[in-house]
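Okay, so here's the structure we're looking at.
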Protein chains: 2
Amino acid sequence: MLELIVGIDIGGTSTKFGLVDTAGKVRIHSSIATDNPDINVYIKDLAKAIRNAADSLDEPVEFIGVGVGAPNGNYKKGTIEDAPNLPWSGTVPLSDLLNKEFGLPVQLTNDANAAAMGEMMFGGARGMDDFIVITLGTGLGSGFVANGQLIQGHDGHAGELGHIAYKIGGGRYCKCGKKGCLETYVSATGLKRTVYKLLADHHMDSELKRYSFDDLNTKMVADAAKNGDVVAQEAFEYTGKVLGAKLADAVGHTSPEAIFIMGGLAKAGDLIFKPTIKHFEKNLLHIYQGKIKVLPSELNSTHTPIIGAASLILKDIMTKKGLVI
Amino acid sequence: MLELIVGIDIGGTSTKFGLVDTAGKVRIHSSIATDNPDINVYIKDLAKAIRNAADSLDEPVEFIGVGVGAPNGNYKKGTIEDAPNLPWSGTVPLSDLLNKEFGLPVQLTNDANAAAMGEMMFGGARGMDDFIVITLGTGLGSGFVANGQLIQGHDGHAGELGHIAYKIGGGRYCKCGKKGCLETYVSATGLKRTVYKLLADHHMDSELKRYSFDDLNTKMVADAAKNGDVVAQEAFEYTGKVLGAKLADAVGHTSPEAIFIMGGLAKAGDLIFKPTIKHFEKNLLHIYQGKIKVLPSELNSTHTPIIGAASLILKDIMTKKGLVI
């Protein structure tokens, strides 16, 4: 009997899932739309798709647990809370619903925490007890591991670095209602806002002038920077300056061995890593300087969120078996 | 046989120690000067004083461990590293030396981490798994607990909030070599600097004009504020504004249940707590608002550092016995 974990990654448009073996390999994967406003129907549809996927495998399968990464996922409560991009309002008891459906242990957390678990189990953080994962997408997410454990926080909401202040009480408006939040500067959207700010403030030529805000994306800015476009280069430099400074602050909190960066903006490579590391080192207290690695995530497959979600269950199983991870 | 833990608090001027029972009560305490540049002689003197104290008790005593709080104390390595106010330069293997002397388990950490352990064992954080302790003295120290464990960090240097940036790349000079560090604003010294800044910028009457920087202390500023001195009141307001904003950032990292503040500045009571809490709430992400307690430490005896140091050993013992703390 092949033991498999169900890894589920709930996104605003689609819910991806995979059946992951205990070595972290995705044996089969598929998805359903995240569009049914009736959560009970959604769960039934998802369970059906998962069972169909299992049936299509060559060997008999036993599910041993369900791991879920979801926006606003609360690990301690097993709930999704007020996720603006999902069709269910209020608090959704997702773990309970999945447990009722499958009769198996369910663990749920937010996307960035799931990513951190994946990095620890199968990525660059293998063997590390203290590290941080930063996810750069539309917003900025983060997951903290200390003493070999994910920091969930008292209410399950640890690691909200997207909404710490780059500019206290001022700066750019954030959709959370505050101003100056880190993700308004450091994220795919933050990069676009910086490009627009530079185009507003300066009169340099730039190929980025031809794109609307809606059309502009990280890849366009990266390509322009590689072509020598000064605005694009300066946008990355500024983004790295902000990220580096705030990562130095994060080190003052938990003193990690390494910081892993993943997501679309991380794919810009040196364009984002060079200024980030330069300003990170500049802002670090001397006792940390030159000691903390800032690295691209080693999990850059499209399956990363699924593997991360499955890792929540895997870590538990391996800990119970007394296996070092 | 009375089981006692040796709790040691190493300060720049004197080394205080106490023999602490497993209920956290200090049975006897004393001190020696921290002035012998020969670390081996210092250890012998300290051990002698400790044994003399034990001999003076009415009942026979068995030491079960040694806990030490020291500036720049590194828990993971058991060393004191480049402590500017201690007579020993470089790295001092203090745990090894004490272990050799007593043949007992030794645990060492910095002052703020020891304070956090004390708060967890015997203070307001009893029963809490996730909290932060801030110590406000000449500088600003901090200790983080998550998942019921002290966060030490990869290299034992977690919780250096004194040197995170209030003003990135600018602001007040710090003795660490950087600028804009939190403790240049929020500490006994930071408060004095704020008073001097206000006196430099404004022309209001203030009773604080009569004190030199060297003579001025927190109590004088607090007394003046209570007498209606506008400069003194504004100095506390500004200090709370800075502290509140940066504590809101800290919450975004570890999502604690409570934040405990101790040390001289905390004794100013409402003068510091009111503006701190006001600006803390204002800067918090909505999901945290109104949920996180900012409280004075419940450990305000002069023995707090000794009890905190002993708690390092006590926690281990109780964990091994399977006792919930």
Less than 4.5 Å apart, any side-chain heavy atom of A:Thr79 and any of A:Leu94?
-> no
Using only heavy-atom distances, determine whether the side chains of A:Ser255 and B:Asp155 contain a donor-acceptor pair under 3.5 Å.
-> yes
Would you mind reporting whether A:Leu140 and A:Ile134 have side-chain heavy atoms less than 4.5 Å apart?
-> yes
Do the side chains of A:Val294 and A:Ile261 get nearer than 4.5 Å, heavy atoms only?
-> yes
Proximity breakdown for B:Leu150 and chain A, heavy-atom pairs closer than 4.5 Å = backbone
Among B:Gln152, B:Glu257, B:Lys179, which residue forms the greatest number of heavy-atom pairs with chain A at distances under 4.5 Å?
-> B:Glu257
Are there more than 12 heavy atoms of other residues, nucleotides or ligands under 6.0 Å from atom NZ of B:Lys76?
-> yes
Name the region of B:Tyr288, side chain, backbone, both or neither, that has any atom closer than 4.5 Å to a heavy atom of chain A.
-> side chain
So what's closer than 4.5 Å to chain A heavy atoms on B:His253: side chain, backbone, both or neither?
-> both
Heavy-atom pair count under 4.5 Å with chain B, highest-scoring of A:Asp82, A:Leu284, A:Ile132 = A:Leu284
Does a donor on one side chain sit under 3.5 Å from an acceptor on the other, for A:Glu119 and A:Ser297?
-> yes
Are a donor atom and an acceptor atom from the side chains of A:Ser187 and A:Arg193 found within less than 3.5 Å of each other?
-> no
Determine, step by step, whether A:Glu237 and A:Lys278 satisfy the salt bridge (charged side-chain N to carboxylate O under 4.0 Å, His left out) criterion, reporting the C-alpha distance in whole Å, the side-chain angles of both residues, the deciding distance to 0.1 Å, and the verdict.
-> CA-CA 10 Å; A:Glu237 177 72 23; A:Lys278 180 173 80 185; 3.0 Å; yes
Interface residues of residues 238-251 of chain B facing chain A - heavy atom cut-off under 4.5 Å | B:Ala245, B:Lys246, B:Asp249, B:Ala250
Chain B contacts, top residue of A:His286, A:Lys282, A:Lys178 (heavy-atom pairs, under 4.5 Å) | A:Lys178
For chain A, the option from B:Asn147, B:Ile292, B:Ile168, B:Leu182 that forms the most heavy-atom pairs under 4.5 Å | B:Asn147
Taking C-beta and beyond as the side chain, do A:His157 and A:Glu81 meet within less than 4.5 Å on heavy atoms?
-> yes
